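As structure tokens, the structure follows; a few thoughts come after it.
Note that this is a predicted model, so its numbers are computed, not measured.
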Amino acid sequence: MQRVKALIKVRHSFQTLRFLSHQRCFSAQPNYAPYHDFQDQVLVEGRAKSRAAILNRPFALNSLTTSMASRLKKLYESWEENPDIGFVILKGNGRAFCSGVDAVALYHLLNEGKVEDCKRFFETLYKFVYLQGTYLKPHVAILDGITMGCGGGISLPGMFHLVTDKTVFAHPEAQLGFHPDSGASFYLSRLPGYLGECLALTGEKLNGVEMIACGLATHYCLNARLSWVKECLGNMMNDDPTVIESSLAQYGDLVYPDRSSILHRIETIDKCFCHDTIEEIIDSLENEAAGAYDDWCRTVLRKMKEASPLSLKVTLRSIREGRFQSLDQCLAREYRMSLAAISKQVSNDFSEGVRARLVDKDFAPKWDPPRVEEVSKDMVEYYFTPLGELEPELLLPTALREPYI
């Protein structure tokens, strides 16, 4: 498509105009509250040998804002330097651990022309994810409740991930006209077979047992026992990872995915999601649904057809590239992709997806382009094009911090 080729060539011009015409501000919220409210969004709990960061926006399912990501990063950096702190815990208040980014806030910022604020959000978030994946001290993330989108990114790169019978994990970004980010292309691409592609393209959910079974979580316990786990961690005076691991394990249960689990469909998933293009994946699912009269295949087909066609193609390439990249490389690429999505130079699908599902809630997004067949290679390529001098790449301290994963 000539229009998109031209866009790629003149991308730096657009970036220059946006750079000059927008001022940066600290918050990703359209109407931000006083500073003490920012502090309240991430609470701190101190014990003798540990510190806990508590996501505290239960009314918004602990969706993440720029101020929250910034505060988390500063807290983690100070705790890492403090010799009296042995390990760190991350948890959420209410029925969610973290439901992902505050997409509605980003939507309003984009409508107000505050693109620089949105860029700041992604930059801050991705730098925290990298800090998490390179943290020098043991880290325990307690994923009790809804864990979606960047909720995985701010927790799964760490050492220990505890899930419960209340955990609901998903990456529904393609249905919002976006892409799984915050390191998702790193950890989803490393799941068994083509399960990562399936989760990223369909938004299918996993429960805590399934997360254990596929390797996304390290420990499992019932929600009813969670208070015991938290008390045990709070009273610990030893920061040896093996001691922390055994302490978490003692509250666990021997669990298996039930018969309806998506993990029992791994052969079908591998058969259908192994293909190189979205068109081939959809054809394979349609053939499977017709031949086996499989309700699951029809359900995931419906979810894919509800998603942004452009996001599907961008997401598939992201997962495939992530399989051969390190965490920092995945984050740098996802940063380019995120800036492309909010630039609206190729498509307005992100804003349209948020409008349809989270703002107006008419669930009738008008995707551009509307069909998978109309998404060109040049449109996808725009999302992966390196940034220019006036739009710096995501800078991560790779020379100083090396991931242990």
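Listed here is the closest heavy atom pair of Leu387 and Glu391: CB-O, 2.9 Å. Closest of all the heavy-atom pairs between Gln175 and Leu201 is NE2-O, 3.4 Å. The nearest pair of heavy atoms linking Cys150 to Gly100 is SG-C, 3.4 Å. In terms of heavy atoms, Leu327 sits closest to Gly183 at CD1-CA, 4.4 Å. Heavy atoms only, all atoms of each residue included: Trp367 and Gly353 are closest at CH2-CA, 3.6 Å. The minimum heavy-atom distance linking Asp349 with Ser308 is given by the pair OD2-OG, 2.7 Å.
For Thr398 and Asp328, the side-chain atoms include no donor-acceptor pair closer than 3.5 Å. Counted by atom type alone, Gln329 and Ser326 present one or more donor-acceptor pairs between their side chains at under 3.5 Å. For the residue pair His171/Thr315, the side-chain donor-acceptor check at 3.5 Å is not satisfied. Donor-acceptor pairing under 3.5 Å is recorded for the side chains of Asn93 and Asn56. Between Asp378 and Ser376, the side chains place no donor N or O within less than 3.5 Å of an acceptor N or O (distance only, hydrogens not considered). Residues Asp181 and Tyr335 bring no donor and acceptor atom of their side chains to less than 3.5 Å of each other. Side chains of Thr134 and Arg401: a donor-acceptor N/O pair is present below 3.5 angstrom, by distance only. Counting only N and O atoms by type, the side chains of Thr65 and Gln41 include a donor and acceptor under 3.5 Å apart. Residues Thr385 and Arg336 bring no donor and acceptor atom of their side chains to less than 3.5 Å of each other. For His179 and Glu334, the side-chain atoms include no donor-acceptor pair closer than 3.5 Å.
Side chain of Asn82 to backbone of Ser78: no donor-acceptor contact under 3.5 angstrom is found. No donor-acceptor distance shorter than 3.5 angstrom exists from the side chain of Glu197 to the backbone of Phe273, with no hydrogens or angles considered. Of the possible polar contacts, one joining the Ser347 side chain to the Asp368 backbone as a donor-acceptor pair under 3.5 Å is found. A donor-acceptor contact shorter than 3.5 Å is absent between the side chain of Asp144 and the backbone of Thr164. Checked by atom type and distance alone, the side chain of Asn287 pairs as donor or acceptor with a backbone atom of Asp283 at under 3.5 Å. Put simply, the side chain of Thr167 gets close to the backbone of Leu143: a donor and an acceptor are under 3.5 Å apart. Within the 3.5 Å criterion, the main-chain N or O of Cys198 finds a donor-acceptor partner in the side chain of Thr202. In terms of modelled atom types and a separation under 3.5 Å, the side chain of Arg190 and the main chain of Gly322 share a donor-acceptor contact. In this structure, His264 contributes its side chain and Asp258 its backbone to a donor-acceptor pair below 3.5 Å. A side-chain donor-acceptor contact under 3.5 Å links Ser246 to the backbone of Thr242.
In this structure, the separation between CZ on Arg47 and CD1 on Ile85 is 14.0 Å, given to the nearest 0.5 Å. Interatomic distance, Arg51 CZ to Leu75 CG, rounded to the nearest 0.5 Å: 10.5 Å. Interatomic distance, CH2 of Trp79 versus CG of Leu136, reported as 15.0 Å (0.5 Å rounding). Distance check: His219 NE2 to Met211 CE gives 13.5 Å after rounding to the nearest 0.5 Å. Between atom OG of residue Ser261 and atom CD1 of residue Ile266 there is a gap of 9.0 Å, rounded to the nearest 0.5 Å. Put simply, CG on Asn111 and OG on Ser351 are 5.5 Å apart, with the number rounded to the nearest 0.5 Å.
Residues Lys114 and Leu110 have side chains not in contact (no heavy-atom distance under 4.5 Å, counting atoms from C-beta outward). Put simply, the side chain of Val372 does not reach to within 4.5 Å of the side chain of Lys305, judged on heavy atoms. Within the 4.5 Å cutoff, no side-chain heavy atoms of Phe169 are placed close to those of Met148. The shortest side-chain heavy-atom distance between Asp165 and Tyr220 falls under the 4.5 Å cut-off. At a threshold of 4.5 Å between non-hydrogen side-chain atoms, the residues Leu55 and Leu72 count as touching. Side-chain contact check for Ile154 versus Leu125: some heavy-atom pair is nearer than 4.5 Å. By the 4.5 Å heavy-atom criterion applied to side chains, Ile278 and Met304 are counted as neighbours. With a 4.5 Å cut-off on side-chain heavy atoms, Leu339 and Ser343 do not count as touching.
Under the 4.0 Å criterion applied to side-chain N and carboxylate O atoms, Arg298 and Glu286 are not assigned as salt-bridge partners. A salt bridge between Arg357 and Glu306 is present, with a side-chain N of the basic residue lying under 4.0 Å from a carboxylate O of the acidic one. The residues Lys205 and Glu210 are annotated as not salt-bridged, no charged nitrogen and carboxylate oxygen being separated by less than 4.0 angstrom. Classification of Glu80 and Lys137 as a salt-bridged pair fails, no side-chain N sitting under 4.0 Å from a carboxylate O. Using a 4.0 Å cut-off between a side-chain N of Lys or Arg and a carboxylate O of Asp or Glu, Arg333 and Glu321 qualify as a salt bridge. At a threshold of 4.0 Å, the pair Lys74-Glu77 does not count as salt-bridged, since none of the basic side-chain nitrogens sits closer than that to a carboxylate oxygen. Look at Asp362 and Arg355 and you find a salt bridge, because one of the NZ, NE, NH1 or NH2 atoms lies within 4.0 Å of a carboxylate O, short of that distance.
A cation-pi contact, defined as under 6.0 Å to the ring centre and within 45° of the axis, links Arg317 to Phe384. The cationic group of Arg120 does not satisfy the cation-pi geometry with Phe122, failing either the under 6.0 Å distance to the six-membered ring centre or the 45° limit from the ring axis.
Within a 6.0 Å radius of NZ in Lys230, more than 12 heavy atoms belonging to other residues, nucleotides or ligands are found. Other residues, nucleotides and ligands place no more than 12 heavy atoms under 6.0 Å from the CZ atom of Arg95. When the shell of 6.0 Å around CD of Glu373 is examined, it contains more than 12 heavy atoms from other residues, nucleotides or ligands.
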**Request:** Would you sort out whether Cys297 and Thr268 count as a side chain to side chain contact (heavy atoms under 4.5 Å, CB included), showing the intermediate values?
**Result:** CA-CA 9 Å; Cys297 285; Thr268 301; 4.0 Å; yes

**Request:** Determine, stepwise, if the pair Ile244 / Leu248 fulfils side chain to side chain contact (heavy atoms under 4.5 Å, CB included).
**Result:** CA-CA 6 Å; Ile244 297 174; Leu248 293 172; 4.2 Å; yes

**Item:** Worked check of side chain to side chain contact (heavy atoms under 4.5 Å, CB included) between Asp117 and Glu112
**Value:** CA-CA 10 Å; Asp117 291 0; Glu112 295 166 9; over 6 Å; no

**Prompt:** Does the pair Arg320 and Ser189 meet the rule for a side chain to side chain contact (heavy atoms under 4.5 Å, CB included), with working shown?
**Reply:** CA-CA 7 Å; Arg320 294 284 163 83; Ser189 66; over 6 Å; no

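Legend: residues meeting side chain to side chain donor-acceptor pair (under 3.5 Å) with Glu204, ordered by chain and number and at least two apart, are Trp296, Lys303.
Ring geometry for Phe350 versus Phe178: interplanar angle of 30 to 60°, hence tilted. Classified by interplanar angle (parallel below 30°, tilted 30° to 60°, perpendicular above 60°), the ring pair Tyr76/Phe128 is perpendicular.
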